[in-house]
Engineer: 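Here it is: the structure, laid out below.
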Protein chains: 2
Amino acid sequence: MNADYLKKLKQDHFKITPKRRAILDLFDREDKCLTPETIWEHLKKTFKQSGLPGIYRNLELFVKQGILIRIDREGRKRYYALCHDHSGHHHHHIVCVECGRVDDFPVCHFPDIKSTKGYKILSHSMQINGICKSCQ
Amino acid sequence: MNADYLKKLKQDHFKITPKRRAILDLFDREDKCLTPETIWEHLKKTFKQSGLPGIYRNLELFVKQGILIRIDREGRKRYYALCHDHSGHHHHHIVCVECGRVDDFPVCHFPDIKSTKGYKILSHSMQINGICKSCQ
DNA sequence: CTATAAATAGAAATAATTTCTGTTTATCCT
DNA sequence: AGGATAAACAGAAATTATTTCTATTTATAG
């Protein structure tokens, strides 16, 4: 359920609009990473002319809110996926290179070094590419 | 020195053109990640009208050859950086969010699990963001 | 129920990247 | 060294992802 996401938005005084509901519902249903355009294709059915710019705006909002994450894939399109774990625990994501399914991936043995090669480390992100059960 | 890179290209029957030399020299000199456009700006000085399309083509070739890597940064531009370690050892890269300097980062405690959550793991990439010595 | 700030639609602009065509050039071979 | 050949080049033009802008609509707080 995406009730969590809606709660999150509400807490931060963002409005729960039909479009936002629809985008989050879509992610719940599709269960994989999506491009802005794909999302738009789906929403067009329900919202006659929903407009790509609105999709972009909302996607970036969701990323800022920690509801979605951006996924890198081949090609020059942007992909987004639901981030299921909102516990605040550090985790990463594993992406199926075939179908685009994305799951949380809790394991990370990143060393507890605060500084390496003279760098002060701010953050790190890891993307794991694989093939999911149903694509194998 | 970038003699290594040239040797690598030669081995795979790619031609050593002045432009390719110039691009690799530039990466050596700048010692940070660059966008295709920045590279073009530099090359214009030497090669009157060198052409962006050629830059793109060469950058992607260098990535395929393992000479350059792609770096993710804010904004919608593509960044490339030299991959200094050609030993074949598994490593990652650390990027200065201020100046774009990139260094190899050998530490990676990725678990030796071949399959997780039903996924067959193919590869993983980690990007570490930090602030380099001279930007601190 | 109303006021208001935020979100929307839609058009239009921007800018990154790719494709294409004809010309030039590095390299291999003799 | 010189010629043949496949690869790389320049340049223009097309494509397409993303952003910006303006006027209108809508969700929410009071």
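Numbers restart at 1 for each chain; the letters A, B, ... are given by sequence-line order, proteins then strands.
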Engineer: Below 3.5 Å between N/O atoms, which protein atoms pair up with nucleotides 13-17 of chain C? Just atom names and distances, please.
Structural biologist:
from: C/dT17; atom 1: OP1; to: B/Arg78; atom 2: NE; distance (Å): 3.4
from: C/dT17; atom 1: OP2; to: B/Tyr56; atom 2: OH; distance (Å): 2.7
from: C/dT17; atom 1: O5'; to: B/Tyr56; atom 2: OH; distance (Å): 3.4
from: C/dT17; atom 1: O3'; to: B/Arg78; atom 2: NH2; distance (Å): 3.4

Engineer: Take the protein atom CD of A/Glu60 and the nucleotide atom C1' of D/dT19, then report the distance between them rounded to whole Å.
Structural biologist: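 Answer to the nearest Å: 11 Å.
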Engineer: Angle between the end axes of the helix from C/dC1-D/dG30 to C/dT30-D/dA1, five pairs per end, to the nearest 10 degrees?
Structural biologist: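 The angle separating the two end axes equals 50°.
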Engineer: Go through the structure and list residues passing side chain to side chain donor-acceptor pair (under 3.5 Å) with A/Asn129, not counting sequence neighbours.
Structural biologist: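 Partners of A/Asn129 by the side chain to side chain donor-acceptor pair (under 3.5 Å) criterion, ordered by chain and then number, come out as A/Gln127, B/Ser123.
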Engineer: Run through the side-chain heavy atoms of Ile, Leu, Val, Met, Phe, Trp and Tyr, join any pair under 4.5 Å, and report what else lands in A/Val102's cluster.
Structural biologist: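 Answer for A/Val102: A/Ile69, A/Ile71, A/Tyr79, A/Val95.
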Engineer: Output all residues satisfying salt bridge (Lys or Arg N to Asp or Glu O under 4.0 Å) with B/Asp72, sequence neighbours left out; order by chain, then residue number.
Structural biologist: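 Partners of B/Asp72 by the salt bridge (Lys or Arg N to Asp or Glu O under 4.0 Å) criterion come out as none, since no residue qualifies.
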Engineer: Give me the other members of the hydrophobic cluster that B/Val97 sits in, counting Ile, Leu, Val, Met, Phe, Trp and Tyr linked by side-chain heavy atoms under 4.5 Å, directly or via other members.
Structural biologist: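 Reading the cluster by chain and number, B/Val97 sits alongside A/Leu122, B/Ile131.
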Engineer: With sequence neighbours excluded, what pairs up with A/Thr17 under the side chain to side chain donor-acceptor pair (under 3.5 Å) test?
Structural biologist: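 For A/Thr17 there are no side chain to side chain donor-acceptor pair (under 3.5 Å) partners, ignoring immediate neighbours.
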Engineer: Kindly write out the residues that satisfy side-chain contact (heavy atoms from CB on, under 4.5 Å) with B/Ile16, not counting sequence neighbours, or none if the list is empty.
Structural biologist: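 Scan of B/Ile16 (side-chain contact (heavy atoms from CB on, under 4.5 Å), adjacent residues dropped) gives B/Leu6, B/Leu9, B/Arg21.
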Engineer: Suppose we screen for side chain to side chain donor-acceptor pair (under 3.5 Å). Which residues come up paired with A/Glu60, at least two apart in sequence or across chains?
Structural biologist: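 With sequence neighbours excluded, A/Glu60 shows a side chain to side chain donor-acceptor pair (under 3.5 Å) to A/Tyr80, given in chain and number order.
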Engineer: What pairs with A/Glu98 under salt bridge (Lys or Arg N to Asp or Glu O under 4.0 Å), at least two apart in sequence or on another chain?
Structural biologist: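 Not a single residue meets the salt bridge (Lys or Arg N to Asp or Glu O under 4.0 Å) criterion with A/Glu98.
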Engineer: Of all of residues 9-17 of chain B, which get a heavy atom below 4.0 angstrom from DNA chain C, listed by number?
Structural biologist: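 Within residues 9-17 of chain B, the residues near DNA chain C are B/Lys15, B/Ile16.
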Engineer: C/dT18 phosphate, OP1 or OP2: any side-chain N/O from B/Arg57 under 4.0 angstrom?
Structural biologist: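 No.
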Engineer: Go through the structure and list residues passing side chain to side chain donor-acceptor pair (under 3.5 Å) with A/Glu37, not counting sequence neighbours.
Structural biologist: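 By the side chain to side chain donor-acceptor pair (under 3.5 Å) rule, A/Glu37 matches no residue at all.
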